[in-house]
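Take a look at the structure set out below.
Atoms considered below: every heavy atom in the structure, side chains included; atoms not considered: hydrogens, waters and symmetry mates. Every chain is numbered from 1 and lettered A, B, ... according to where its sequence line falls, protein lines coming before strand lines.
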Protein chains: 2
Amino acid sequence: MRRDIFQAIADPTRRAIITLIALQAMTPNAIAENFNTTRQAVSKHLRILTECELVQQEQQGREIYYSLQVEKMKEIDKWLDQFRALWETRFNQLDNVLSTLKKKKK
Amino acid sequence: MRRDIFQAIADPTRRAIITLIALQAMTPNAIAENFNTTRQAVSKHLRILTECELVQQEQQGREIYYSLQVEKMKEIDKWLDQFRALWETRFNQLDNVLSTLKKKKK
DNA sequence: TTTATGTGCAACTATTCGGTTTCGCAAGTT
DNA sequence: AACTTGCGAAACCGAATAGTTGCACATAAA
């Protein structure tokens, strides 16, 4: 079981769940109403999101409210950092190709 | 076949490939040397990356140089935008939970 | 106490995924 | 022309994935 954040956001339904609970905590039933799947399927997604700490639970009577652990999303942002420098300069990927080819040609 | 950028970066090997060719175009053989897999496996990853336009090819004789289409990475950054506001303000996810619970309690 | 509701978990299924092995082909080299 | 090298594609395989159905259990309402 891999269960890292990149695998977690790979699924479109999970991304939608993340967006849904980003602003307001929601119960599995309430979340499931927004998708064409069963509550159990949503529950499975929530388990995966919980396992990689993207999501938080808060029991309230017999209901469980799920909310986004927004801090965790920074990890994706952090990974993107290494590329940010590339797309922000005038030296784009085309220049890379050309310089590499030139080098190979000698 | 889903083949979107989020599914593409879900695999750790593919993320490593992306990092590897971000600065310099490389051939499949050269890329494969960095991993404990066959060249064919790398070739498959490259096909997936090419299909979602994360990667560019440049034929050079019988060699094919692959390089990162860094512009495409912005799409991930763009998706993160909706959460950036959340983690940058003092209102973090704990506040969300509390305010939601307060509302429910009436 | 009985019934309804909200939930997680287990078992099963079809599909996808990442990998290997084998092959064919094109481009260089001898 | 024969050989080597670099590559992609196809066939196959075991594992993981996303979904379903069915169940058990706790909480709340009747």
Side-chain angles (χ1 to χ4, degrees), chain A residues 1-18 20-21 24-67 97 100-101 104-106, chain B residues 1-18 20-21 24-67 97 100-101 104-106:
Chain A
M1 228 178 290
R2 209 162 48 203
R3 216 98 316 173
D4 64 85
I5 194 176
F6 291 99
Q7 189 258 341
I9 63 162
D11 184 80
T13 303
R14 278 198 291 271
R15 284 201 302 281
I17 290 175
I18 289 173
L20 208 54
I21 63 174
Q24 184 179 18
M26 290 174 76
T27 65
N29 265 323
I31 296 168
E33 281 172 12
N34 296 272
F35 302 101
N36 283 334
T37 61
T38 60
R39 176 194 56 80
Q40 284 89 338
V42 170
S43 199
K44 258 179 138 179
H45 284 305
L46 287 170
R47 189 155 73 93
I48 290 170
L49 293 171
T50 303
E51 275 170 13
C52 62
E53 298 172 302
L54 259 171
V55 146
Q56 233 179 359
Q57 306 180 26
E58 187 82 24
Q59 186 114 18
Q60 181 80 359
R62 70 184 160 187
E63 296 183 322
I64 301 177
Y65 283 85
Y66 285 88
S67 62
V97 177
T100 304
L101 293 180
K104 289 281 162 185
K105 258 179 187 161
K106 269 164 248 152
Chain B
M1 228 178 291
R2 210 162 47 203
R3 217 97 313 175
D4 64 85
I5 195 175
F6 291 99
Q7 190 256 343
I9 64 163
D11 184 79
T13 304
R14 277 198 291 270
R15 283 202 302 280
I17 291 176
I18 288 173
L20 207 55
I21 63 174
Q24 184 179 18
M26 291 175 74
T27 66
N29 264 321
I31 295 169
E33 281 171 13
N34 295 273
F35 303 100
N36 282 333
T37 61
T38 59
R39 175 193 56 79
Q40 285 88 341
V42 170
S43 199
K44 259 179 137 180
H45 284 306
L46 287 170
R47 190 157 72 93
I48 290 169
L49 292 171
T50 304
E51 275 171 11
C52 60
E53 298 173 303
L54 259 171
V55 146
Q56 234 179 359
Q57 306 180 24
E58 186 83 21
Q59 186 113 19
Q60 182 79 357
R62 69 183 160 189
E63 295 183 322
I64 301 177
Y65 284 86
Y66 286 88
S67 61
V97 177
T100 303
L101 293 180
K104 289 282 161 183
K105 259 181 187 159
K106 268 164 250 145

Here the distance between atom P of C/dC17 and atom CZ of A/Phe6, to the nearest Å, is 19 Å

Should B/Thr38 be listed as having a side-chain N or O under 4.0 Å from OP1 or OP2 of C/dT20?
yes

Qualifying residues under side chain to side chain contact (heavy atoms under 4.5 Å, CB included), relative to B/Ile64, sequence neighbours excluded
B/Gln57, B/Gln59, B/Tyr66

On the nucleotide C/dT16, are OP1 or OP2 found under 4.0 Å from the side-chain N or O atoms that B/Gln7 carries?
no

In chain order, what residues pass the side chain to side chain donor-acceptor pair (under 3.5 Å) check against B/Arg39, with sequence neighbours excluded?
none

May I ask you to evaluate whether A/His45 reaches the phosphate of D/dT17, defined as a side-chain N or O under 4.0 Å from OP1 or OP2?
no

Salt bridge (Lys or Arg N to Asp or Glu O under 4.0 Å) with B/Glu33: which residues, sequence neighbours excluded?
none

Starting at atom CD of B/Glu51, determine the distance to atom P of C/dG18, rounded to an integer number of angstrom.
12 Å

Can you tell me the distance, in whole Å, between the CG atom of A/Asn36 and the C1' atom of D/dG19?
13 Å

Interatomic distance, A/Gln60 CD vs D/dA26 C1' [rounded to whole Å]
15 Å

On DNA chain D, nearest-nucleotide positions of A/Ile48 versus A/Gly61: which is more 5'?
A/Ile48

Any side-chain heavy atom of B/Asn34 sitting closer than 4.5 Å to one from B/Met26?
yes

Qualifying residues under side chain to side chain contact (heavy atoms under 4.5 Å, CB included), relative to B/Ser43, sequence neighbours excluded:
none

Mind listing the N/O atom pairs, protein and nucleotides 6-12 of chain D, below 3.5 Å?
unit_1 : atom_1 : unit_2  : atom_2 : d
D/dC7  : OP2    : B/Asn29 : N      : 3.1
D/dC7  : OP2    : B/Asn29 : ND2    : 2.6
D/dC7  : N4     : B/Arg39 : NH2    : 3.4
D/dG8  : OP1    : B/Tyr66 : OH     : 2.2
D/dG8  : OP2    : B/Ser43 : OG     : 2.5
D/dG8  : N7     : B/Arg39 : NH1    : 3.1
D/dG8  : O6     : B/Arg39 : NH2    : 3.2

Nearest whole Å is fine: how far is C/dC17 P from B/Ile9 CD1?
15 Å

Not counting sequence neighbours, which residues clear side chain to side chain contact (heavy atoms under 4.5 Å, CB included) with B/Arg62? List them please.
none

